[in-house]
Q: 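Shown below is the structure under consideration.
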Amino acid sequence: MADNRCPHCGNLVPDGSKFCNHCGGVLTSEILCPNCGSTIPSDSAFCPNCRAAIDAAGAQSAAPQQQPKKKGRSVMPYIVCAAIAAFIGLVVVRNCFFSGNHHDVTAADVEVTDIDAGRYNDIFNSALIKNNMKNDGDKIAYACPVKNEASGAVEQLIGVTYLSDAQHSFYKIFVLTQNGQDWDIKLLNQRYVDGYNLIFDPKSLRAEEIPAVVSLQGKRYMFFAYACIPSNEESGKITTVYFDIDELKEIRQVDFHGAFIRDMDGQQILKCATVPVGTGILDSELIKRARSIGMLHIPTEEELAREKAEQERLAEEKAKEEAEKAAQEAEEQAKFESGEEVKVETEHVDKNTPLFRAEDFSKKINGGGYTVFLLKNGKVYAFSKAANSTFEVQFGGGSASDIGFEDSANGIVNIRTSAGKVQYNLGSKTMKKVE
């Protein structure tokens with residue numbers, strides 16, 4: 001074996017080796033033929049496959065030069081750095097794409113973590129108990145931290161409590177201001193929402209940015225929302241609210257009215273009947289933020305157009321049906337006036353549902369299977385003994401002045417009106433004009 005040494009580490013290597021068996025360094029280099037692409041030795045003057053002349057300056061290396069491994073250096077720092085970078089990347093992606101926001105993420109939109117939220121709730125709860133302000137049975141909705149714009153430290157908490165009761169629902173808004181190691185608390189306002197059960201829980205509303213501190217036109221607002229559900233759970237509303245942090249008062253709200261439905265997963269959703277129209281930037285921002293509430297479905301322009309088209313189609317169908325019905329009634333009236341027998345629609349009512357009282361009728365006649373009554377107001381009713389039910393006798397309009405049987409066995413009764421005499425067949429529910 002020839003005395004070959006690796007030019008990288010100086011150790012002896014077997015004759016004919018392409019790579020050092022100590023450090024892994026490349027011992028012989030290869031290039032690609034620029035004409036046929038074959039892998040050939042780097043010192044070739046001609047390609048042994050296609051005989052093309054080889055220009056060493058223009059030929060590409062067949063494989064990147066592998067650098068020898070350096071002993072004594074650990075890869076652990078690189079692994080740790082890569083893991084940290086991956087974690088930071090996941091956090092950024094989560095905040096940008098999975099936060100439920102439909103606008104650019106800003107520092108004002110970043111919420112506290114669940115741990116911080118729990119801590120602020122505890123502070124709020126302790127302050128309520130300490131100041132004897134927790135005696136109405138209401139429970140905490142949330143405590144929203146407000147940071148000092150200069151220092152970034154939390155200097156205030158806006159707290160909300162609520163009572164959910166279909167008869168006497170309300171919510172209260174408090175402000176907590178840090179005073180050394182303690183927190184001063186003050187009740188700002190209380191709003192009654194009678195007739196509804198209230199939902200404030202963001203998980204029930206399926207909203208990730210409630211509550212949130214937002215900045216608009218140089219002012220700070222707390223955004224929150226709640227659902228108002230009636231006892232029948234059929235129709236209600238979801239209200240979005242802006243609370244002015246600097247003025248410490250509730251400043252704007254927008255109500256979304258609609259019907260509550262259940263989706264395929266059984267989740268409750270308020271389907272908006274119409275989209276509210278904003279009267280200013282605050283209303284517009286509230287409407288925009290409402291789209292992030294999973295419990296609220298605001299129809300798009302396309303959906304509204306489809307619903308409008310469907311309503312117009314149904315209106316056209318109804319108008320057509322009414323026109324056809326009017327034409328049919330006119331045709332039946334013409335037949336009736338000419339003395340032809342025409343069919344009359346009637347509706348039977350069980351005897352347990354009385355249509356009139358005994359003192360209301362002026363005449364009663366019995367015959368066959370029917371008893372017929374003439375009421376003082378000119379209406380005529382018949383009681384069917386076989387069906388044990390009562391129905392109004394239709395005789396072409398106007399009011400009746402007298403009744404009598406033409407054929408009592410077959411239930412044919414004569415009805416005298418101001419327009420003439422009508423014969424009515426109680427069995428077949430048909431009538432004809434005889435005079």
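Owing to the predicted nature of the structure, the values given are computational and were not obtained by experimental measurement. Residue numbers run from 1 in the order of the sequence given.
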Q: CD of Glu310 to CD of Glu312: how many Å apart, nearest 0.5 Å?
A: 10.5 Å
Q: Is it the case that more than 12 heavy atoms not belonging to Gln328 sit under 6.0 Å from its CD atom?
A: no
Q: First locate atom CG of Asn377, then atom OG of Ser399, and finally report the distance between them rounded to the nearest 0.5 Å.
A: 8.5 Å
Q: Under a 4.5 Å cut-off applied to non-hydrogen side-chain atoms, are Val372 and Leu426 in contact?
A: yes
Q: Quick check against the 3.5 Å criterion: does Lys421 have a side-chain atom that pairs as donor or acceptor with the backbone of Asn414?
A: no
Q: Would you please indicate if the ring centroids of Tyr171 and Phe200 are separated by under 6.0 Å?
A: yes
Q: Checking salt bridge (Lys or Arg N to Asp or Glu O under 4.0 Å) for the pair Glu317/Arg313: CA distance, chi angles, key distance, verdict?
A: CA-CA 6 Å; Glu317 287 185 356; Arg313 184 187 68 81; 2.5 Å; yes
Q: Can you tell if the side chain of Pro276 reaches within under 4.5 Å of the side chain of Phe256, non-hydrogen atoms only?
A: yes
Q: Testing the 3.5 Å rule here: is there a donor-acceptor pair between the side chains of Asp165 and Ser169?
A: no
Q: One pair to check against salt bridge (Lys or Arg N to Asp or Glu O under 4.0 Å): Lys219 and Asp244. What are the steps and the verdict?
A: CA-CA 8 Å; Lys219 296 199 68 175; Asp244 191 320; 2.7 Å; yes
Q: Give a yes or no on this: more than 12 heavy atoms of other residues, nucleotides or ligands lie within 6.0 Å of atom CD of Glu347.
A: no
Q: Considering only distance and modelled atom types, tabulate donor-acceptor pairs under 3.5 Å from the side chains of residues 352-361, sequence neighbours left out.
A:
residue: Asn352; atom: ND2; partner: Asp350; partner atom: OD1; Å: 3.0
residue: Arg357; atom: NE; partner: Asp360; partner atom: OD2; Å: 3.4
residue: Arg357; atom: NH2; partner: Asp360; partner atom: OD1; Å: 3.4
residue: Asp360; atom: OD2; partner: Arg357; partner atom: N; Å: 2.9

Q: For the aromatic rings, using the six-membered ring if either is Trp, is the centroid distance between Tyr162 and Phe170 under 6.0 Å?
A: no
Q: Quick check against the 3.5 Å criterion: does Ser164 have a side-chain atom that pairs as donor or acceptor with the backbone of Leu198?
A: yes
Q: Applying side-chain hydrogen bond (donor to acceptor under 3.5 Å, both in side chains) to Thr430 and Asn425, what does each step give before you reach the verdict?
A: CA-CA 5 Å; Thr430 56; Asn425 190 319; 4.5 Å; no
Q: Give a yes or no on whether the backbone of Thr239 and the side-chain of Asp255 come within a donor-acceptor separation of less than 3.5 Å.
A: no
Q: With rounding to the nearest 0.5 angstrom, report the CG to CD1 distance, Leu286 to Ile251.
A: 11.0 Å
Q: After noting the C-alpha distance and the side-chain angles of Asp184 and Thr177, does the key distance pass the side-chain hydrogen bond (donor to acceptor under 3.5 Å, both in side chains) rule?
A: CA-CA 5 Å; Asp184 296 331; Thr177 307; over 6 Å; no
Q: Could you go through the side-chain hydrogen bond (donor to acceptor under 3.5 Å, both in side chains) check for Glu307 and Gln311 one step at a time?
A: CA-CA 6 Å; Glu307 289 181 4; Gln311 290 173 356; 5.2 Å; no
Q: Measuring from atom CE of Met295 to atom CG of Leu205, what distance do you get when rounded to the nearest 0.5 angstrom?
A: 6.0 Å
Q: Counting N and O atoms only, with roles assigned by atom type, does the side chain of Asn131 sit under 3.5 Å from a partner on the main chain of Met133, one being a donor and the other an acceptor?
A: no
Q: With no hydrogens and no angle check, is any side-chain donor or acceptor of Asn148 less than 3.5 Å from a backbone partner on Gly152?
A: no
Q: With Arg289 as the cation and Phe223 as the aromatic partner, state whether NZ or CZ is under 6.0 Å from the six-membered ring centre and within 45° of the axis.
A: yes
Q: Can you tell me if Lys343 has over 12 outside heavy atoms packed within less than 6.0 Å of its NZ?
A: yes
Q: Please check this pair: side chain of Asn125 against backbone of Asn121, looking for a donor-acceptor N/O pair closer than 3.5 Å.
A: no
Q: Is a donor on one side and an acceptor on the other found under 3.5 Å between the side chain of Glu337 and the backbone of Ala334?
A: no
Q: Side chain of Asn179, backbone of Asp182: donor and acceptor closer than 3.5 Å?
A: no
Q: Is the shortest side-chain heavy-atom distance between Glu341 and Phe336 below 4.5 Å?
A: no
Q: Between atom CZ of Arg206 and atom CD1 of Ile293, what is the distance when rounded to the nearest 0.5 Å?
A: 10.5 Å
Q: I'd like to check the salt bridge (charged side-chain N to carboxylate O under 4.0 Å, His left out) partners of Lys186; sequence neighbours left out, ordered by chain and number.
A: none
Q: Would you give me the side-chain donor-acceptor pairs under 3.5 Å for residues 381-395, sequence neighbours excluded?
A:
residue: Ser384; atom: OG; partner: Ala387; partner atom: N; Å: 3.2
residue: Ser389; atom: OG; partner: His348; partner atom: ND1; Å: 2.7

